[in-house]
Amino acid sequence: MLTAVRKAMNHGSCMFERLKKIFKNEPPKPLIIRFEEIPLWLDKRKDAITGNLQKDTAAPMQTIREAAHNLEQIIQMLHAAEFNAEIHPKLKSIAKNTLPQYAKAMETALSKPLPEDVDGFYTAGTEILKGCLNSPRGQGEYLQTVFPEEMKTVRAGIDAIGREINAMTGALASFRKEMDHIREAEKIHGALVDIANDTEKSREKENRISQRVLEIQTRIEECGEEIDRLKSDTAQHEIAEQQRTSQVLAEGRDQTIRRYAALSMTASHVLRKAEKLAHKQHKVHDEEVLQHALDLLSDHAVPDSTVLTGALGTACPVAVRMVETGDVPLKNKEERAVFSDPAGFISEISTLSIKYAEQARQCDDAEQALRSHPIIIRTETLVREKNQLEVILKKELHSKIELITWRNDLQKSIPSLQQKLEKTMGDLSGSDVQLHYPLTFTSSP
């Protein structure tokens, strides 16, 4: 007997252990998925929850349609209902007046069409329910006393609609919550895809910039090397001689213009005082003669010697007369030297004008010959090209730095997006998530 009991107990214990294993709540297996498979997984998830929503709401929607149809028939029956003779006349009168209004309010509420799609059906069904619930608050209160059975049936129909709307509310809430997660996952996945694409494009652009930089640097080096070779060319001796000749000519020209400027300034100072005096004395002709000479002497360009000689030959006698009368005093030896021998002054400054013109021509010819030398032309072309390339190189290097900085900043946003995506996918799957990303998201920036 004892042995049998023990056998039974052992048998029961084994069965209990097997049952424990069967009903043991094992954690769900983790979702292991590649990044590129996520859109398809989400699409399947959308199909699944949409199917579940349609399945969960099919019965409530059918019940609501039937209840609404039944309510329409009950309202039609109320129109034809006869009043109980035992009802107080005043109450009967009120009921007769309120019945059409109540029926119209209910018919208006129930006339709203119920679409086939769940969202549209739910919205329309909710509005029908609100309209039916609001109707008894006014006219329906009296009708409940006059037509108790009919109104009880109406309340039952409205309650049925309310229960099924509540059932749909839960199903839709769950569906919308999951759809929010799906849309969030799609949004994050799209953002990561965009980052991957932008990163790849930025690397391609960086490679193009690097290639241009290399080409520009190579060309700059070539320009520099050719410039150095030209500097040591045998023709440099010829160029140096031309430069010395040009320098000597320029020094002679500058010396001539300095002497011309000194005489011009000295004479102009006295002629200006004479011109002011002529204006004060209303001597128009003298004023015009003096002004013409002043215009020539103050011009930035050295005037033609013939024109200058004629103008000074007319103006100087006018000024000399004013000097001799003491109306125009001479302040220094330079002024006295000029107007004590006006003919000598005119001859010297005219000669300087001729000399300067010739020297300026010789300088221009020498400079033109120097500039047109093949070595000079080639060197200037190379220097200009080298300078332009250095400006372009600086811009290219700056663009490259900006591009790398932008890409690095973009890469910094990846970890947080990955965390959000894993969390959202976990919320959808109800388990841990292991996402396998392509090399795009793991390689260094």
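Of all heavy-atom pairs spanning Ala315 and Leu290, the tightest one is O-CD2, 3.7 Å. The two residues Gly125 and Leu114 make their nearest non-hydrogen contact at N-CD2, 3.7 Å. When all heavy atoms are compared, the tightest approach of Ile49 to Met179 is CD1-SD, 3.5 Å. What you find for Thr424 and His181 is that their closest heavy atoms are CG2-O, 3.1 Å. Pairing each heavy atom of Leu296 with each of Ala311, the nearest pair is CD1-CB, 3.4 Å. In terms of heavy atoms, Pro113 sits closest to Pro115 at O-CD, 3.4 Å.
Side-chain contact between Arg253 and Tyr356: present, with at least one pair of heavy atoms (C-beta onward) separated by less than 4.5 Å. You'll find the side chain of Asn197 stays beyond 4.5 Å of the side chain of Glu200, heavy atoms only. Contact of the Glu358 side chain with the Gln362 side chain is registered, since non-hydrogen atoms from C-beta on lie closer than 4.5 Å. Glu422 places none of its side-chain heavy atoms less than 4.5 Å from the side chain of Met425. Using a 4.5 Å cut-off on side-chain heavy atoms (C-beta onward), Glu238 and Ile375 make no contact. Using a 4.5 Å heavy-atom cutoff, the side chains of Pro39 and Glu186 are not in contact. Residues Lys55 and Thr50 are not in side-chain contact: their nearest non-hydrogen atoms beyond the backbone lie 4.5 Å or more apart. Side-chain contact between Thr153 and Asn70 is absent, with no heavy-atom pair separated by less than 4.5 Å.
Listed by first and then second residue, the ring-ring contact (aromatic ring centres under 6.0 Å, His included) pairs involving residues 186-217 are Phe35-His189 (not counting sequence neighbours). Applying the ring-ring contact (aromatic ring centres under 6.0 Å, His included) test to every pair with at least one member in residues 389-431, sequence neighbours left out, gives no pairs at all. Sorted by first and then second residue, the ring-ring contact (aromatic ring centres under 6.0 Å, His included) pairs with a member in residues 219-272 form an empty list; sequence neighbours excluded. Among pairs with a residue in residues 396-406, those fulfilling salt bridge (charged side-chain N to carboxylate O under 4.0 Å, His left out) read Arg212-Glu396, at least two apart in sequence or across chains.
In this structure, the separation between CG on Leu308 and CD1 on Ile354 is 9.5 Å, given to the nearest 0.5 Å. Residue Ile216 holds its CD1 atom at 11.5 Å from SG of Cys223, rounded to the nearest 0.5 Å. Rounding to the nearest 0.5 Å places NZ of Lys231 at 13.5 Å from CG of Asp233. How far CZ of Phe121 is from CD1 of Ile64: 4.5 Å, rounded to the nearest 0.5 Å. Atoms CD and CG, from Gln368 and Asp365 in turn, are 8.5 Å apart once rounded to the nearest 0.5 Å. The distance from atom CD1 of Ile209 to atom CG of Leu214, rounded to the nearest 0.5 Å, is 13.5 Å.
Considering only residues two or more places apart in sequence or on other chains, Glu127 meets the salt bridge (charged side-chain N to carboxylate O under 4.0 Å, His left out) condition with Lys112. The side-chain contact (heavy atoms from CB on, under 4.5 Å) check on Asn387 picks up Val383, Glu390, with sequence neighbours excluded.
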* To do: List the steps and the verdict of side chain to side chain contact (heavy atoms under 4.5 Å, CB included) for Met168 and Met61.
  => CA-CA 8 Å; Met168 289 188 69; Met61 289 171 64; 3.8 Å; yes
* Asked: Please walk me through it: do Thr57 and Phe175 pass side chain to side chain contact (heavy atoms under 4.5 Å, CB included)?
  -> CA-CA 11 Å; Thr57 57; Phe175 171 80; over 6 Å; no
* Run the numbers on His69 and Gln73 for side-chain hydrogen bond (donor to acceptor under 3.5 Å, both in side chains), then give the verdict. => CA-CA 7 Å; His69 178 69; Gln73 291 183 329; 3.3 Å; yes
* Going through the distances and angles, do Lys412 and Asp409 end up as a salt bridge (Lys or Arg N to Asp or Glu O under 4.0 Å)? -> CA-CA 5 Å; Lys412 291 175 184 177; Asp409 291 340; 3.7 Å; yes
* Asked: Which is it for Glu66 and Gln62 under the side-chain hydrogen bond (donor to acceptor under 3.5 Å, both in side chains) test, yes or no, and what are the steps along the way?
  -> CA-CA 6 Å; Glu66 292 173 356; Gln62 182 60 32; 3.0 Å; yes
* Asked: Are Arg176 and Asp119 close enough, and set up right, to give a salt bridge (Lys or Arg N to Asp or Glu O under 4.0 Å), and what steps lead you there?
  -> CA-CA 10 Å; Arg176 288 168 178 169; Asp119 273 329; 3.0 Å; yes
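Listed for the Ser353 side chain is a donor-acceptor partner under 3.5 Å among the backbone atoms of Pro303. Without hydrogens or angle criteria, Ser264 side chain to Leu297 main chain gives a donor-acceptor distance under 3.5 Å. A donor-acceptor contact shorter than 3.5 Å is absent between the side chain of Ser268 and the backbone of Met265. Remark: the backbone N or O of Leu410 is paired with a side-chain donor or acceptor of Ser413 at under 3.5 angstrom.
Between the side chains of Gln291 and Glu287, no donor-acceptor pair is found at a separation under 3.5 Å. Checking Gln255 against Gln359 by side-chain atom types alone, no donor-acceptor pair falls below 3.5 Å. In this structure, a donor-acceptor pair under 3.5 Å is present between the side chains of Tyr122 and Thr169. Judged purely by distance below 3.5 Å, without hydrogens or angles, the side chains of Gln211 and Glu215 pair a donor atom with an acceptor atom.
Within 6.0 Å of CG in Asp295 there are more than 12 heavy atoms belonging to other residues, nucleotides or ligands. The number of heavy-atom neighbours closer than 6.0 Å to NE2 of His373, taken from other residues, nucleotides and ligands shown, is above 12.
Classification of Asp427 and Lys423 as a salt-bridged pair holds, one side-chain N sitting under 4.0 Å from a carboxylate O. Using a 4.0 Å cut-off between charged side-chain N and carboxylate O, Glu380 and Arg371 make no salt bridge. Using a cut-off of 4.0 Å between Lys/Arg side-chain N and Asp/Glu carboxylate O, Lys104 and Glu107 are scored as not salt-bridged. Between Glu178 and Arg45, at least one side-chain nitrogen of the basic residue sits less than 4.0 Å from a carboxylate oxygen of the acidic one, meeting the salt-bridge criterion. Using a 4.0 Å cut-off between charged nitrogen and carboxylate oxygen, Lys177 and Asp180 do not count as a salt-bridge pair. Between Asp364 and Arg361 there is no salt bridge, since no side-chain N of the basic residue sits under 4.0 Å from a carboxylate O of the acidic one. Ion pairing between Arg407 and Glu204 fails under the 4.0 Å rule for side-chain N and carboxylate O. Ion pairing between Glu385 and Arg219 holds under the 4.0 Å rule for side-chain N and carboxylate O.
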